[in-house]
Amino acid sequence: MSAKLDPWGHYAIEDYRKLLEEFGISPIDKILGLLPHKHKYFERLVIFGHRDFDIWLEALKRGEKVAVLTGFMPSGRPHLGTAMVYEELKFLQSLGAHVKIAIADAEAYIVRREDRSEVIRRGVEFVAHSIAWGINPDNAEFYYQTAMDNEYYRLIQLFSRKITTAEMEAIYGDINPGKIMAALTQSADILHLQLDKYGGYKYIVVPVGADQDPHLRLTRDIADRFEQELGLKRPSSIYHKLLRGLDGNKMSKSRPEYAIHLDDDPETAEKKLANALTGGRATAEEQRRLGGEPWKCSIFELYVYHLIDDEKELKERYDECVNGKILCGQCKRIAAEKLRKLLIEHQKRFKEVITSGIAEKILKKPSF
Ligand code: TRP
Ligand code: SF4
């Protein structure tokens, strides 16, 4: 893997240990004891790294002001990778934290060159899916990047003074005016909550996929440079491993046949699973003799990230696989059944959320 992380790329990150070393992300296992309660993503090291999350947790414990900020780029339909962030937000809400969520319509327009009206329509779906997943709208705020107040845009203007081209290139590789705007907009997303207008200084944590770390590095530098002038401080962040697509590459909205979307009908999802890359052997005989390789398997990954909550059950699946007690066909049928249940229940709640009109109501539309 090259040293550069590209938040706008389409790759799977194979070696998370290297990421910790190269970019100075701290391993999560050392601070698990600080969590008020457990969550499978921490237990299973799906959330593998953090920056200053211990500081955020300690502030929470002391009863100081904390908040959570993250964003979704509404290009394509939300999928099981998107739902990982929903799951994390749900967990952080369960600790008592308020969450604020950017719908990154500016980023989708600039970097993905998407049609604005389409992106704005999809923003509502992302919000409705997050509520259907279990995010409590009473303790959450959602906004479009292009529908914010003046103070937010002022940050983007001010930020541009204290970054250099060389630094942007070092972080992002090839840059252009659009990418710089998108990056500074994301910094404004993360830092604006500390302005007086938004309640003043508070500890912010940003839950994201590992590919977003370049934005966090930039934002931390910007916070340092504006500490004196604007009272901004570095955000904390937690990083999850990227859910791979069913072909083993990053699950991406732009390759729908290898992603499970939250609005896929269960039959379609089942067909996708049937064609998924597994850690199985070339023949049944070989698999019985040598066992499968769950660490290479996109089905097993679904168990870990979404389909099995119980640790004991997960361990049994793992053991059965490596001991050659189960073959991939049967294992896929078990996964398909669990996935069908998950999708049916989620889609039922999604329909209720849409019918209630709440997503539309809480997401203020941009004026043009
Ligand atoms: N860039 C993120 C993505 O591609 C979306 C995003 C926008 C975001 N603003 C943010 C993520 C602020 C975290 C914090 O999905
Ligand atoms: Fe994956 Fe299941 Fe096959 Fe093991 S048995 S490789 S977990 S599909």
Side-chain angles (χ1 to χ4, degrees), residues 6-10 67-76 78-79 81-82 84-85 88-89 99-108 110-112 123 126 142-146 148 152 156 172 179 181-193 204-216 218-219 235-240 242 246 248 250 252-253 273-281 284 286-288 290-304 307-308 314 316-336:
D6 176 5
W8 294 297
H10 294 281
V68 181
L69 187 297
T70 193
F72 297 102
M73 181 151 52
S75 59
H79 51 58
T82 321
M84 292 177 68
V85 184
E88 291 168 2
L89 291 172
V99 310
K100 188 159 180 178
I101 296 153
I103 300 299
D105 66 318
E107 185 180 3
I110 298 170
V111 182
R112 298 267 186 255
F126 273 70
F142 299 86
Y143 68 93
Y144 289 110
Q145 285 176 324
T146 65
M148 278 296 270
Y152 167 92
I156 301 172
Y172 295 105
K179 281 189 182 175
M181 273 312 286
L184 293 184
T185 302
Q186 183 151 344
S187 293
D189 286 330
I190 297 169
L191 295 172
H192 80 275
L193 275 175
I204 305 288
V205 66
V206 184
V208 276
D211 61 322
Q212 296 293 304
D213 184 55
H215 293 309
L216 267 304
L218 175 72
T219 303
S236 305
S237 43
I238 51 177
Y239 301 103
H240 59 250
L242 302 180
L246 300 170
K250 178 183 169 185
S252 166
K253 295 162 193 144
L273 278 200
N275 294 321
L277 176 82
T278 72
R281 305 284 176 176
E286 223 180 287
Q287 184 146 349
R288 285 199 189 87
L290 300 169
E293 299 178 289
W295 50 89
K296 287 186 183 169
C297 175
S298 64
I299 301 289
F300 193 76
E301 207 164 71
L302 288 182
Y303 287 143
V304 173
L307 298 179
I308 297 180
L314 186 65
E316 280 165 16
R317 277 277 90 69
Y318 186 91
D319 289 345
E320 273 184 350
C321 172
V322 294
N323 295 328
K325 295 270 186 302
I326 189 171
L327 298 181
C328 295
Q330 190 191 349
C331 190
K332 278 178 168 173
R333 280 192 293 280
I334 296 172

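Order of listing sets the numbers, starting from 1, for every ligand and every atom in it.
Among protein atoms, those of element N, O or S found less than 2.8 Å away from atom 3 (Fe) of ligand 2 are C328 SG.
Listed by chain and number, L69, T70, G71, M73, A104, E107, Q145, Q186, D189, I190, V206, V208, Q212 each place a non-hydrogen atom less than 4.0 angstrom from ligand 1.
For F142, the ring-ring contact (aromatic ring centres under 6.0 Å, His included) test picks out no residue, with sequence neighbours left out. Looking at residues two or more places apart in sequence or on another chain, you find no salt bridge (charged side-chain N to carboxylate O under 4.0 Å, His left out) involving K325.
Within the 4.5 Å cutoff, side-chain heavy atoms of W8 are placed close to those of Y172.
Y143 and Y152 have perpendicular rings, their planes meeting at more than 60° on a 0 to 90° scale where under 30° would count as parallel.
For D189 (side chain) and Q145 (main-chain N/O), no donor-acceptor pair under 3.5 Å exists by modelled atom type. A donor-acceptor distance shorter than 3.5 angstrom exists from the side chain of R281 to the backbone of G291, with no hydrogens or angles considered. Between the side chain of S298 and the backbone N or O of L277, at least one donor-acceptor pair lies under 3.5 Å. Listed for the T70 side chain is a donor-acceptor partner under 3.5 Å among the backbone atoms of P207.
A335 approaches L307 most closely through the heavy-atom pair O-CD1, 3.8 Å.
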